[in-house]
Amino acid sequence: MIDEGYIKFQASWEQTTPLPDAAIRELNNFRQLMYDHQLIGAYNNGIGFGNISQRIGDSDQFYITGSATGNFRELQATHFSIVTKVDIDQNRLRCKGASIASSESMSHAVIYQTCDWVKAVIHVHDLELWKKLLFQVATTPKSVSYGSPEMAYSIIDLFKNGEAAQERIFAMAGHEEGIFVFGETLEEAAALILSYL
């Protein structure tokens, strides 16, 4: 059984009006591309998978698809959130928008915090690709669950030993099908994951 879709951090969510269309237009276009390639979507039980984010300027804040949005074919501005602060040790996250931030937001946050050159992060699911990449690229431990402080620290470890930063991709052994890619642009991150298909 796939453990998916449940928020494991303590969220402080400020529910606001939808984000401006201009702010999330590029992000939404690449989310649609991932959806069209079935890398973001929903399982037969309706639980969504995959998410995508983009750094806001030079800050550690970022736009991200909201929780439980994988099952929507096309997203609207109401389906996005801004993550404004993350405290890994306390397992807390602050966000604002019309939707609460994705359950994988802490993993996105730690990538942005660890690498200031990263401007875009994409988390996808693909069973066959995951099997192919597992332990062939940087890989988090099997004992570590998605969306948890332990996962955040495991990602930091992948960057400390240099593998993840060089490869710009990692697999999640404890999160079946889960793969992360990232880059200096959304286009770069998307092209990387598509090159593996």
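Computation of the quantities below employed the complete heavy-atom set of this structure, encompassing side-chain atoms and omitting hydrogens, waters and symmetry-equivalent molecules.
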Taking only residues two or more places apart in sequence or in another chain, which ones pass side-chain contact (heavy atoms from CB on, under 4.5 Å) with Gln61? Ile56, Ser59, Ile82, Thr84
Ile155 side chain near Ile111 side chain, heavy-atom distance below 4.5 Å: yes
Phe182 and His108 aromatic centres sub-6.0 Å: no
Side chains of Glu188 and Thr185, donor plus acceptor under 3.5 Å: no
With a 4.5 Å cut-off on side-chain heavy atoms, are His123 and Leu39 touching? no
Are any of the side-chain nitrogens in Arg31 or Asp36 under 4.0 Å away from the carboxylate oxygens of its partner? no
Report yes if some heavy atom in the side chain of Thr17 is under 4.5 Å from a heavy atom in the side chain of Lys96; otherwise report no. no
Can you get from Leu192 to Ile52 by hopping between Ile, Leu, Val, Met, Phe, Trp and Tyr side chains that sit under 4.5 Å apart? yes
Considering only heavy atoms from C-beta outward, does the side chain of Tyr146 approach that of Ser103 to under 4.5 Å? yes
Are there over 12 heavy-atom neighbours, none belonging to Asn45, within less than 6.0 Å of that residue's CG? yes
Phe30 and Met34, any side-chain heavy atoms less than 4.5 Å apart: no
Any chain of hydrophobic side-chain contacts (each under 4.5 Å) joining Tyr63 to Tyr112? no
Do Tyr35 and Leu127 share a hydrophobic cluster (ILVMFWY, side-chain heavy atoms under 4.5 Å, transitive)? no
Is it true that Glu184 and Arg168 make a salt bridge, defined as a side-chain N closer than 4.0 Å to a carboxylate O? yes
Kindly write out the residues that satisfy side chain to side chain donor-acceptor pair (under 3.5 Å) with Gln113, not counting sequence neighbours, or none if the list is empty. none
Between Ile193 and Leu129, is a side chain to side chain contact (heavy atoms under 4.5 Å, CB included) present by the stated rule, with each step listed? CA-CA 10 Å; Ile193 192 61; Leu129 182 58; 3.8 Å; yes
Are any non-hydrogen side-chain atoms of Asn28 and Asp21 less than 4.5 angstrom apart? no
Between His125 and Tyr43, is any pair of side-chain heavy atoms under 4.5 Å apart? yes
Quick one: are Ile179 and Leu133 in side-chain contact, heavy atoms under 4.5 Å? yes
May I ask whether Met172 and Ile169 are part of the same hydrophobic cluster, defined by side-chain heavy atoms of I, L, V, M, F, W, Y residues being less than 4.5 angstrom apart, directly or through others? no
